[in-house]
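Everything below concerns the one structure shown next.
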Amino acid sequence: MAKHISNMDQLQKALQPIMTGMIDELAKRVYETLYYFLNDYYTGWIPESYRRTEAFLRSAVKVDAYPDKGGVRACVYIDTDSMDDYVNATGYQVARWANEGMHGGLTVNHKPHVWDDTLDNTINNGSLLNLAIQYLRSQGISVRA
């Protein structure tokens, strides 16, 4: 059904549900990719010098899309504050080591760079843009790439 739109406020209102759905799909893809690399981080190396809590594995967070300042926003992040049971390290330090390919501050052979690899496999390689284009087209919006 065609909608009559005569101003920017009406356009924004008409696009809001589509944008919310699209941003949710994009955030879901980033979250799944982040979790993949967190899981790879855990399964790729077995520590001998410390016992794992798996707090880092469970630290990935996805916030559902919501209207924000005339647009739509969603968040995917590592909740370093939730990782409060480490000895001699903060949650932030553990996440930073994981992004540097280290485990527990130790350099090891299995070196996923958890956050950078997530960005490389979603944003930097263009797959998130392609997913956005596919989503918009599925909603009947003509997009040229």
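What you see is a predicted model; the values in this text were computed from it and never measured.
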Ring pair (Phe, Tyr, Trp, His ring centres under 6.0 Å): which pairs involve residues 56-81, sequence neighbours left out?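 Sorted result for residues 56-81: Y41-F56.
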
By salt bridge (charged side-chain N to carboxylate O under 4.0 Å, His left out), which residues pair with [X], not counting sequence neighbours?
X: R96; answer: E100
X: D24; answer: K62
X: R73; answer: D68

Listing request: all salt bridge (charged side-chain N to carboxylate O under 4.0 Å, His left out) pairs with a residue in residues 119-134, at least two apart in sequence or in separate chains.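 As it turns out, there is no salt bridge (charged side-chain N to carboxylate O under 4.0 Å, His left out) pair with a partner in residues 119-134 once direct neighbours are skipped.
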
How long is the straight-line distance from [atom2] of [Y] back to [atom1] of [X], given to the nearest 0.5 Å?
X: L119; Y: H113; atom1: CG; atom2: NE2; value: 13.0 Å
X: K13; Y: M8; atom1: NZ; atom2: CE; value: 15.5 Å
X: T118; Y: L38; atom1: OG1; atom2: CG; value: 7.0 Å
X: E25; Y: T20; atom1: CD; atom2: OG1; value: 12.0 Å
X: I78; Y: R58; atom1: CD1; atom2: CZ; value: 14.0 Å
X: M22; Y: I18; atom1: CE; atom2: CD1; value: 9.5 Å

Could you pull out the closest heavy-atom pair between [X] and [Y], with the gap in Å?
X: A14; Y: I5; value: CB-CD1, 3.9 Å
X: A89; Y: V94; value: CB-CG2, 4.2 Å
X: T80; Y: A95; value: CG2-CB, 3.9 Å

Joint hydrophobic cluster, [X] plus [Y], side-chain heavy atoms closer than 4.5 Å:
X: M83; Y: Y92; answer: no
X: I141; Y: M19; answer: yes
X: V61; Y: L34; answer: no
X: I123; Y: Y135; answer: yes

Dump the intermediate steps for side-chain hydrogen bond (donor to acceptor under 3.5 Å, both in side chains) on S6 and Q10, then the final yes or no. CA-CA 7 Å; S6 58; Q10 290 174 348; 3.0 Å; yes

Can you list everything that forms a side-chain contact (heavy atoms from CB on, under 4.5 Å) with D84? Sequence neighbours excluded, please.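 For D84, no residue satisfies side-chain contact (heavy atoms from CB on, under 4.5 Å) once neighbours in sequence are set aside.
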
Return yes when atom CG of N7 has more than 12 non-hydrogen atoms of other residues, nucleotides or ligands closer than 6.0 Å, and no otherwise. yes

Greater than 12 external heavy atoms within 6.0 Å of Y86's OH: yes

Under 4.5 Å between any side-chain heavy atoms of N121 and F37, yes or no? yes

Working for side-chain contact (heavy atoms from CB on, under 4.5 Å), residues V30 and L128: CA-CA 8 Å; V30 173; L128 225 54; 3.7 Å; yes

